[in-house]
Amino acid sequence: MSELLTLHGYFVRCVARSDKVGFSLRDGREFLGWVTEAQEDRILVSWAPGPFDDPVGDGDDGEDGGEWVAFTSIHPGTVGHYDWTVRRWVRMPG
């Protein structure tokens with residue numbers, strides 16, 4: 001339970017600072033993007049565009065609506081954010 005609260009607090013801070021975050025999911029995907037909302041047991045993420053993503057076309061605003069990710073689907077020890085002050089990725093403490 002305390003791990004969930006730690007993740008919640010970490011992601012709340014990332015939302016407030018608009019940090020770019022990254023982590024591995026148990027389904028094999030690697031997430032890179034932004035957390036737009038943090039709840040007690042899950043987060044709403046917005047994926048960063050990939051190098052092969054289609055550019056925004058006619059009638060497309062480029063918004064994918066995000067994806068809810070449960071904390072239990074995140075591999076422990078893989079969570080980090082980009083710290084602009086030191087210009088590098090920093091792992092979540094703990």
Side-chain angles (χ1 to χ4, degrees):
M1 182 60 121
S2 63
E3 182 180 327
L4 294 181
L5 295 175
T6 303
L7 281 173
H8 177 256
Y10 181 79
F11 287 126
V12 165
R13 287 189 297 280
C14 289
V15 170
R17 294 185 308 235
S18 299
D19 289 341
K20 185 176 271 189
V21 299
F23 50 80
S24 298
L25 294 164
R26 294 187 187 277
D27 66 6
R29 295 181 294 162
E30 300 287 330
F31 172 76
L32 179 62
W34 298 268
V35 176
T36 57
E37 186 178 336
Q39 295 183 349
E40 291 181 12
D41 61 347
R42 65 184 185 158
I43 52 176
L44 182 62
V45 298
S46 176
W47 292 79
F52 301 108
D53 289 346
D54 289 334
V56 177
D58 294 333
D60 184 4
D61 62 3
E63 192 65 36
D64 64 357
E67 176 182 349
W68 285 103
V69 175
F71 291 157
T72 56
S73 66
I74 298 172
H75 273 293
T78 64
V79 179
H81 70 279
Y82 189 79
D83 186 335
W84 291 100
T85 62
V86 294
R87 297 182 143 211
R88 66 181 178 93
W89 284 91
V90 178
R91 286 194 184 266
M92 179 182 143

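Everything numeric in this text was worked out from a predicted model, so none of it was measured.
At a threshold of 4.5 Å between non-hydrogen side-chain atoms, the residues F11 and I74 count as touching. When side chains are defined from C-beta on, K20 counts as touching W34, because their heavy atoms get closer than 4.5 Å.
Of all heavy-atom pairs between A38 and V12, the closest is CB-CG2, 3.9 Å. When every heavy atom of Y10 is checked against every heavy atom of V90, the shortest pair comes out as OH-O, 4.0 Å. Of all heavy-atom pairs spanning H81 and C14, the tightest one is CB-SG, 4.3 Å. Contact record, S46 with T36: CB-CG2, 4.0 Å, taken as the closest heavy-atom pair.
To the nearest 0.5 Å, the span separating CH2 on W68 from OG on S73 amounts to 12.5 Å. Atoms CG and NE2, on D41 and H8 in that order, are 9.0 Å from each other to the nearest 0.5 Å. Interatomic distance, CE of M92 versus OG1 of T6, reported as 5.5 Å (0.5 Å rounding).
A distance-only check finds no donor-acceptor pair linking the side chain of D19 to the backbone of V21 [under 3.5 Å].
The number of heavy-atom neighbours closer than 6.0 Å to CZ of R26, taken from other residues, nucleotides and ligands shown, is above 12.
V69 and V15 fall within the same hydrophobic cluster, where Ile, Leu, Val, Met, Phe, Trp and Tyr residues are linked whenever their side-chain heavy atoms come under 4.5 Å apart, directly or through other members. Side-chain heavy atoms closer than 4.5 Å link hydrophobic residues (I, L, V, M, F, W, Y) into clusters, and following such links, possibly through other members, connects L25 to V45. Following chains of ILVMFWY side-chain contacts shorter than 4.5 Å, one can reach L32 starting from W84, so the two form part of one hydrophobic cluster.
Under the side chain to side chain donor-acceptor pair (under 3.5 Å) criterion, E37 pairs with Q39, sequence neighbours left out. Residues that satisfy the side chain to side chain contact (heavy atoms under 4.5 Å, CB included) test with R91, not counting sequence neighbours, are absent from this structure. Every side chain to side chain donor-acceptor pair (under 3.5 Å) that T85 has, sequence neighbours left out, goes to D83. Residues satisfying the side chain to side chain contact (heavy atoms under 4.5 Å, CB included) criterion with S24, sequence neighbours excluded, are E30, H75, T78. Taking R13 as the reference, nothing meets the side chain to side chain donor-acceptor pair (under 3.5 Å) condition, with sequence neighbours excluded. For the ring pair (Phe, Tyr, Trp, His ring centres under 6.0 Å) test, residues two or more places apart in sequence or in another chain that qualify with W89 are Y82.
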Output, in order, the C-alpha distance, side-chain angles, deciding distance and verdict of side chain to side chain contact (heavy atoms under 4.5 Å, CB included) for F23 and I43. CA-CA 12 Å; F23 50 80; I43 52 176; 4.0 Å; yes

